[in-house]
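Note that the structure is predicted; figures quoted are calculated from it, not measured. Whatever order the structure lists them in is the order used to number ligands and atoms, beginning at 1.
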Amino acid sequence: RLLFTDLDGSLLDHHDYDWSPARPWLTRLKQLGIPVIPVTSKTRHELLPLRRALGLSEAPFVAENGALVGLPPAWCHARLERDPDPDGLVIKSLGVDIGFIRQRLAIWRHRLDARFTPLSELPLDELVACTGLSEPEARLARRREGSEPLLWQGGEAGLEALRDGLAGDGLRLVRGGRFWHVTGACHKGEAVRWLVRRYTALRGHRPLTLALGDGPNDIPMLEAVDQAVLIRGHHDQPVAPAQPALYRSRVAGPAGWAEGVAHWWGRDGHRGESALS
Ligand code: 2M8
Ligand code: MG
Ligand code: MG
């Protein structure tokens, strides 16, 4: 089995990034040998200390909304990946370079007179104030490789115009928590499928998959798995994944995360443990 999870607003609290309500389940999943795979808007630099703190350093991860996949040695293919980075990870790019994204954003901002601030242009103190990250964490959030978050300051129509313009460049615009995120033609769902294919190739069987998320950018991920949890969130937009095996949590954040895992994989709830597992 594999568990894929969004971080902010899901495994981590939207405001203070606490995950204590999810701790008992993290321990139990570790004992069961079930990888908990972060699939997040965060950068791989933010993920390094966070995976360590969460006890997830042996699991792969998806960073920057599907733009990057990080593989620890056990997930590498001897033939395909030979050169891990100094942290022992092989990084796969599924998106496009941040330089191209920033270049196109600058052009569309000018052409459409669009009102937004890219994260890379936010002064550090403002980034700290609006996210609640510490200063060192905010520095790591700035080290982006395949996605640019935007603080949107314009209206709905401007957003659609920007989306259309970027689509012509092969770029996507998705809503995260506080930010809108610009990426290449990648998303969380594609990255999850990539990892499921890799697991299947290495282990010789398809895993049973569960995914948990709270935002619009999580929808493709929730649609790419066998069982899904939509965590109660902070969104005004209706979020409705095309997923028959969907559980909507009653509570938000890490408590909703624990509620969702218990729903599908709890002691009395061995639902869906079909031939897949
Ligand atoms: C941004 O991502 C979140 C998650 O969805 C958002 O859009 O609100 C990213 O900049 C990420 O790198 C950062 O850690 C996070 C902090 O809240 O904000
Ligand atoms: Mg989220
Ligand atoms: Mg996220």
### Message
To make sure I understand the geometry: which N, O or S atom in D214 is closest to the Mg ion (ligand 2)?
### Response
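Going by distance to the Mg ion (ligand 2), the closest N, O or S atom in D214 is OD1.
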So, regarding [X] and ligand 1 (criterion: nitrogen or oxygen to nitrogen or oxygen, under 3.5 Å), is there a contact or not?
{"X": "R144", "value": "yes"}
{"X": "A141", "value": "no"}
{"X": "G177", "value": "yes"}
{"X": "T131", "value": "no"}
{"X": "N217", "value": "no"}

### Message
For the metal site, I want the angle between atom O of D8 and atom OD2 of D6 with the Mg ion (ligand 2) at the apex, to 10°.
### Response
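Value, to the nearest 10 degrees: 80°.
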### Message
Counting backbone and side-chain atoms alike, is an N, O or S atom of D218 positioned under 2.8 Å from the Mg ion (ligand 2)?
### Response
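No N, O or S atom of D218 is closer than 2.8 Å to the Mg ion (ligand 2), so no.
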### Task
Over 60° means perpendicular and under 30° means parallel, so classify the ring planes of H205 and Y199, tilted if in between.
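Because their plane-to-plane angle is over 60°, the rings of Y199 and H205 count as perpendicular.
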Does ligand 1 have an atom under 4.0 Å from some heavy atom of [X]?
{"X": "G215", "answer": "no"}
{"X": "W180", "answer": "no"}
{"X": "E64", "answer": "no"}
{"X": "E137", "answer": "no"}

### Query
Is it true that D8 and K42 make a salt bridge, defined as a side-chain N closer than 4.0 Å to a carboxylate O?
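Yes, this pair counts.
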Identify, by atom number and element, the atoms of ligand 1 in contact range of [X], meaning under 4.0 Å from any of its heavy atoms.
{"X": "G176", "value": "5 (O), 7 (O)"}
{"X": "D8", "value": "3 (C), 4 (C), 15 (C), 16 (C), 17 (O)"}
{"X": "L119", "value": "10 (O)"}

### Query
Between T117 and Q153, does any side-chain donor sit less than 3.5 Å from a side-chain acceptor?
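Yes.
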### Query
Under 3.5 Å, is there a donor-acceptor pair between the Q227 and W265 side chains?
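Side-chain D/A pair, Q227 to W265: present.
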### Query
Taking heavy atoms and a distance under 4.0 Å, where does L133 meet ligand 1: side chain, backbone, both or neither?
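For L133, only side-chain atoms sit under 4.0 Å from ligand 1.
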### Message
For E121, I'd like to know if atom CD has over 12 heavy atoms of other residues, nucleotides or ligands within 6.0 Å.
### Response
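Atom CD in E121 is crowded, with more than 12 foreign heavy atoms closer than 6.0 Å.
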### Query
Between C186 and N65, is any pair of side-chain heavy atoms under 4.5 Å apart?
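Counting from C-beta outward, C186 and N65 never come under 4.5 Å.
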